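First the structure, in the form of structure tokens, and then the observations on it.
Treat the numbers as computed from the prediction; the structure is a model and nothing was measured.
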There are 2 protein chains.
Amino acid sequence: MEAKITAILRKHQLSITEARKKILSLFWETGNALAHGDIEQKSSEDFDRVTIYRTLQTFVEKGIIHTIPTSDNSVRYALCKDECAAGHHHDDHVHFICDDCGTTYCIDEVSVPKVKLPKGFRAVQTDLVISGTCNKCEQ
Amino acid sequence: MEAKITAILRKHQLSITEARKKILSLFWETGNALAHGDIEQKSSEDFDRVTIYRTLQTFVEKGIIHTIPTSDNSVRYALCKDECAAGHHHDDHVHFICDDCGTTYCIDEVSVPKVKLPKGFRAVQTDLVISGTCNKCEQ
DNA sequence: TACAACAATGCAACTTTGTTGCAAAATATT
DNA sequence: AATATTTTGCAACAAAGTTGCATTGTTGTA
């Protein structure tokens, strides 16, 4: 575990620090996407709020995590797949946000369909975000 | 113009006030989506910040405007089509956010494709948000 | 392993963004 | 026109995000 974490950091030419190891392992442990607030709750005793902001920003820039747009002003972050590199994200899968429990999933099984845009529009990134009820909250 | 605005408000059983008329006409004039900040800039001398928050909230609840998720913690709002009613939005078109100028477009020509989700996941709303360069910023 | 160079962190202060309660003003109803 | 209802502005607050700088931690090199 620890080895995997440090390997990822080293691969992206980041120095190995406590904050980065902790935050990165949080993503591995939960599996799902996390908002800044989630991370703050789970590590506020260990790190300053500012460090979390800066760490998330660094991870996005380096292609370790990607953002998931939301309609409630609380951007979520999730681990990228290996193909993502600094400045070039390739996360063309669907994201699902549960209205009940708030959990955000990366639905890897489904890929985002290509969309034809009107003339002059050039797509760089496509986000397909679905909200509803997840398989745990359904009865 | 004024007549059209008041008709929309009345149709949704909202009392006709200066703030609502002004904010609603802003959406009609610009044509594109607006963030809270945009509206505040264009009408801060006329109305209090709080009024804008509450007006946008009311408009969303009544089905006059809908939200567009973003990755930068600045939810955008855009006019709904006629089919939207209180509590039931039907805005299954694609949204495009320009990385250059920040303009957010509703691409009505393209509709959001249906997506099959894994078992247990029930979709209520689907948002397809594409970012890149718009037809005005392209050269 | 010790040292210098560099990068990351914590702290403080601050700005921006969003929320709530309540009195005053505006709108609707009769 | 008078009253009931709704909306607004204000104030005070809470939460979220940013910036500069001194301190601490990490890395590469001798």
Side-chain angles (χ1 to χ4, degrees), chain A residues 2-3 5-26 33-62 64-65 67-77 86 102 104, chain B residues 2-3 5-26 33-62 64-65 67-77 86 102 104:
Chain A
E2 167 102 12
I5 297 292
T6 55
I8 294 176
L9 291 174
R10 192 160 287 134
K11 178 183 162 192
H12 291 89
Q13 301 169 326
L14 291 173
S15 42
I16 318 293
T17 71
E18 286 306 311
R20 286 172 181 170
K21 282 193 289 185
K22 174 73 186 254
I23 292 175
L24 191 45
S25 56
L26 275 180
L34 297 171
H36 170 92
D38 300 328
I39 298 170
E40 199 172 320
Q41 282 185 347
K42 297 184 182 183
S43 68
S44 61
E45 293 161 9
D46 306 324
F47 307 110
D48 194 83
R49 261 162 22 88
V50 180
T51 301
I52 300 173
Y53 281 112
R54 291 197 266 226
T55 302
L56 289 174
Q57 193 179 316
T58 304
F59 283 2
V60 171
E61 285 166 2
K62 290 290 184 176
I64 298 176
I65 60 177
T67 56
I68 303 169
T70 66
S71 286
D72 65 346
N73 278 336
S74 75
V75 175
R76 317 283 161 90
Y77 301 87
T104 302
Chain B
E2 167 101 11
I5 297 292
T6 55
I8 294 176
L9 291 174
R10 192 160 286 134
K11 178 183 163 192
H12 291 89
Q13 300 167 330
L14 291 173
S15 43
I16 318 292
T17 70
E18 286 305 311
R20 287 173 180 167
K21 283 193 288 185
K22 174 72 186 253
I23 292 175
L24 191 46
S25 57
L26 275 180
L34 297 170
H36 170 93
D38 299 328
I39 298 169
E40 199 172 320
Q41 283 184 346
K42 297 184 184 184
S43 68
S44 61
E45 293 161 9
D46 305 324
F47 306 110
D48 194 81
R49 261 162 22 86
V50 180
T51 301
I52 300 173
Y53 281 112
R54 293 197 265 225
T55 302
L56 289 174
Q57 193 180 315
T58 304
F59 283 2
V60 170
E61 285 165 3
K62 290 290 185 176
I64 299 176
I65 59 177
T67 56
I68 302 169
T70 66
S71 285
D72 66 346
N73 278 335
S74 76
V75 175
R76 317 281 161 91
Y77 302 87
T104 302

TODO: Would you check, one step at a time, whether the test side-chain contact (heavy atoms from CB on, under 4.5 Å) holds for A:E18 with A:D46?
DONE: CA-CA 9 Å; A:E18 286 306 311; A:D46 306 324; over 6 Å; no
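Rounding to the nearest 0.5 Å gives a distance of 12.5 Å between CZ of A:R20 and NE2 of A:H12. Here the straight-line distance linking atom CZ of B:R76 with atom OG1 of B:T70 works out to 5.5 Å at 0.5 Å rounding. Remark: A:I16 CD1 to A:T6 OG1 distance equals 5.5 Å, nearest 0.5 Å. In this structure, B:T55 OG1 and B:I64 CD1 are separated by 10.0 Å, a value rounded to the nearest 0.5 Å. Distance check, rounded to the nearest 0.5 Å: CD1 of A:I23 to OG1 of A:T51 gives 7.5 Å. Between atom CG of residue A:L34 and atom CG of residue A:L26 there is a gap of 6.5 Å, rounded to the nearest 0.5 Å.
Regarding A:K22, its NZ atom lies at a distance of 12 Å from the P atom of C:dG10, rounded to whole Å. Straight-line distance from the CD atom of B:Q57 to the P atom of C:dT17: 18 Å, rounded to whole Å. Distance CG (A:N73) to P (C:dT16): 17 Å, rounded to an integer number of Å. A:L56 places its CG atom 11 Å from the P atom of C:dT9, with the value rounded to the nearest Å. Look at CZ on B:R54: it is 18 Å from P on C:dT17, rounded to the nearest Å. Taking atom CZ of residue B:R10 and atom C1' of nucleotide C:dT27, one finds them 11 Å apart after rounding to whole Å.
Of the residues in residues 38-51 of chain B, B:R49, B:V50 come within less than 4.0 Å of DNA chain C through at least one heavy atom, sorted by number.
Nearest-nucleotide positions on DNA chain C place B:G37 closer to the 5' end than the other of B:G37 and B:I16.
The outermost nucleotides of DNA chain D lying under 4.0 Å from heavy atoms of chain B, listed 5' to 3', are D:dT6 to D:dG17.
Contact check for B:L14 versus B:F59: side-chain heavy atoms found under the 4.5 Å cut-off. Taking the side chain as every heavy atom from C-beta outward, A:E2 and A:S25 never approach each other to under 4.5 Å.
At least one donor-acceptor pair closer than 3.5 Å links the side chain of A:N73 to the backbone N or O of B:V75.
In this view, B:E40 satisfies the salt bridge (Lys or Arg N to Asp or Glu O under 4.0 Å) rule with no residue, not counting sequence neighbours. Residues satisfying the side chain to side chain contact (heavy atoms under 4.5 Å, CB included) criterion with B:Q57, sequence neighbours excluded, are B:E61.
Taking each heavy atom of A:A35 and A:S74 in turn, the nearest pair found is CB-O, 4.5 Å.
Comparing the start and finish of the helix from C:dT1-D:dA30 to C:dT30-D:dA1, five pairs each, the helix axis swings through 40°, to the nearest 10 degrees.
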Might you list the N or O atoms of the protein lying below 3.5 Å from N or O atoms in nucleotides 3-7 of chain C, with each pair's distance?
none

